[in-house]
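Single-structure report; data block below.
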Amino acid sequence: MRKKVKVVDLQLGMFVDELCGSWMDHPFWKTAFKLANQKDLQTLRESNVMEVWIDTSKGLDIQTKAKVVTENEEKLKTDALLQQAANKESVAEARISLNQEINRARQIHAKARTAVMSMFQEARMGHAIEVAEVTTLVDDINQSVARNPGALISLARLKTKDDYTYLHSVAVCALMIGLGRTLGLTGDALKSAGMAGLLHDVGKMMIPNAVLNKPGKLTDDEFTTIKSHPLRGWEILKESYGVDAIALDVCLHHHERVDGKGYPNNISGDDLTLFARMGAVCDVYDAITSDRCYKNAWAPGEAIRKMAEWKDGHFDEIIFQSFVKTVGIYPIGSLVKLRSGRLGVVTDQSERSLLLPKVKVFFSTKSQIHIPPEIIDLALAQDSIVETEDPAKWGFDMKKITGLWQS
């Protein structure tokens, strides 16, 4: 079992599984080792590291009566927050419309693409990441999501296969912040969630492009290489100044599943932190709603439906429910069919109900013709959504139909 203990309570024979703090705070090149000599113990006590995680299955347990934070206690804290989110009523925050935010979101989106691309290229060349350089960017994304979460999240979903890795990181940052707000996170915790989303896939910079962007099916060896990116990203972040424990955790564990069938450590739901559970949902949603070198994107509404089918084994149920509250049952960009027979694309969420978004209608299924585009607020209309539709079935270019992302 892992336990968090204060450095002053360490004893020879304990196995240090993780040092809490920046790599700048200690001289050790390894982050997991058995305390076998007095010199290492004294070095730790004289460093700036205040706490460490020990693994009692690999070394001695703590023998003092000092307060110990076990992983079970960490879990109880997480469960308390999740229960709070489950009981939380959907309260509409004061926000502006998507059309009012879209231009600012477009500017942030362009800035974020450039910043993340530069940061990840530095990692590819073996340089440490300068987190301070993107702190302001995370703040900008946080503020945009607060004004209207749909604007930046929708923009970040519209990426090419070539810039997928960079804009996927931007999208997951925005989704983590949006989900964090729904869960009740504030202040530094919310910013840390956003930074974790921005950095979670940095390990892909260590994967050969021929494997990362392969259009066909991966061989077993290639899939093993792909699966190494969480650990490789964690190793990069461990050597980068200013990266906190939340970013390290999400980077390493965003591909874990609550049923323990994820990777790289096959950690089960009870042992996954709140932020790792958040990262798993946000990562999958953006991945499956984006065009990839080996598959076309799923429509947002279809993605939510599919994820709902997976949640028992893949995702934390309360986290997923909160995620749906964040993006909507019919996320922005979803093609929907109304009871009137018209087709439309969801352009904004309603403050009244997740079932009653604003829809831009443009096609009549009864007449099989395009009709003059019209924005309908279903919270105020007599019409309602019957089902989601597959854009490919109708041959629609959804980016053009929305008209929101054109320059």
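Throughout, numbering of the chain's residues begins at 1 and tracks the sequence.
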Side chain to side chain donor-acceptor pair (under 3.5 Å) against [X], all qualifying residues, sequence neighbours excluded:
X: Lys227; value: none
X: Ser57; value: Asp55
X: Arg292; value: Tyr164, Tyr294

I'd like to know if the side chain of [X] and the backbone of [Y] have a donor-acceptor N/O pair within less than 3.5 Å.
X: Ser144; Y: Asp140; value: no
X: Lys214; Y: Lys217; value: yes
X: Asp348; Y: Leu98; value: yes
X: Asp377; Y: Lys358; value: no
X: Gln368; Y: Thr365; value: yes
X: Ser334; Y: Val336; value: no
X: Arg147; Y: Gln100; value: no
X: Asn148; Y: Ile96; value: yes
X: Thr289; Y: Pro300; value: no

Once you round to the nearest 0.5 Å, how far does [atom1] of [X] lie from [atom2] of [Y]?
X: Ile318; Y: Arg277; atom1: CD1; atom2: CZ; value: 8.5 Å
X: Tyr285; Y: Ser290; atom1: OH; atom2: OG; value: 9.0 Å
X: Leu12; Y: Lys34; atom1: CG; atom2: NZ; value: 10.5 Å
X: Glu317; Y: Ile319; atom1: CD; atom2: CD1; value: 11.5 Å
X: Asn266; Y: Lys261; atom1: CG; atom2: NZ; value: 11.0 Å

Write down the atom of [X], the atom of [Y], and the distance for their closest heavy-atom approach.
X: Leu231; Y: Leu252; result: CA-CD1, 3.8 Å
X: Cys251; Y: Gly233; result: SG-C, 3.4 Å
X: Gly197; Y: Val172; result: CA-CG1, 3.7 Å
X: Leu218; Y: Ile226; result: CD1-CG1, 3.8 Å
X: Ile288; Y: Ala303; result: CD1-CB, 3.7 Å
X: Arg342; Y: Ile371; result: CD-CD1, 3.9 Å

Quick check: are there more than 12 heavy atoms from other residues, nucleotides or ligands sitting under 6.0 Å from NZ of Lys295?
yes
Would you say Asn209 has more than 12 foreign heavy atoms packed within less than 6.0 Å of its CG?
yes
Could you list the residues that satisfy side-chain contact (heavy atoms from CB on, under 4.5 Å) with [X], not counting sequence neighbours?
X: Pro149; value: Arg95, Val145, Ile153
X: Lys366; value: Ser364
X: Ile267; value: His253, Glu256, Asn265, Asp271, Leu272
X: Ala112; value: Leu137, Val170

Residue pairs meeting ring-ring contact (aromatic ring centres under 6.0 Å, His included), one or both in residues 101-128, sequence neighbours left out, come to none
Tell me the salt bridge (charged side-chain N to carboxylate O under 4.0 Å, His left out) pairs involving residues 114-131, sequence neighbours left out?
none
With side chain to side chain donor-acceptor pair (under 3.5 Å) as the criterion, how do Asp383 and Ser340 come out once you've worked through the C-alpha distance, each side chain's angles and the decisive distance to 0.1 Å?
CA-CA 6 Å; Asp383 219 340; Ser340 62; 2.5 Å; yes
What residues form a ring pair (Phe, Tyr, Trp, His ring centres under 6.0 Å) with [X], not counting sequence neighbours?
X: Tyr330; value: none
X: Tyr166; value: none
X: His254; value: His200, His229

Check whether any side-chain heavy atom of [X] lies under 4.5 Å from a side-chain heavy atom of [Y], and answer yes or no.
X: Arg113; Y: Asp163; value: yes
X: Met14; Y: Leu41; value: no
X: Ile332; Y: Gln349; value: yes
X: Phe362; Y: His370; value: yes
X: Thr273; Y: Ile246; value: no
X: Leu10; Y: Val5; value: yes
X: Val131; Y: Leu199; value: yes
X: Ile129; Y: Val243; value: no

Full working for side chain to side chain contact (heavy atoms under 4.5 Å, CB included) between Thr165 and Met205:
CA-CA 9 Å; Thr165 299; Met205 293 300 97; 3.8 Å; yes
Show your working on side chain to side chain contact (heavy atoms under 4.5 Å, CB included) between Leu355 and Ile329 and close with a plain yes or no.
CA-CA 7 Å; Leu355 296 170; Ile329 294 174; 3.6 Å; yes
Can you check side chain to side chain contact (heavy atoms under 4.5 Å, CB included) on Ile54 and Asp17, steps first, answer last?
CA-CA 5 Å; Ile54 63 170; Asp17 198 49; over 6 Å; no
Can you tell me how the ring of Trp298 sits relative to the ring of Trp310, calling it parallel under 30°, perpendicular over 60° and tilted otherwise?
tilted
Is there a side chain to side chain donor-acceptor pair (under 3.5 Å) between Ser322 and Thr182? Walk through the geometry before answering.
CA-CA 6 Å; Ser322 297; Thr182 303; over 6 Å; no
Step by step, work out the side chain to side chain contact (heavy atoms under 4.5 Å, CB included) result for Met195 and Val134.
CA-CA 8 Å; Met195 184 64 76; Val134 291; 3.9 Å; yes
For Glu235 and Arg232, run salt bridge (Lys or Arg N to Asp or Glu O under 4.0 Å): C-alpha distance rounded to whole Å, both residues' side-chain angles, the deciding distance at 0.1 Å, then the answer.
CA-CA 5 Å; Glu235 291 170 343; Arg232 302 188 77 171; 5.3 Å; no
Ring centroid separation for Phe396 and Phe363, is it under 6.0 angstrom?
yes
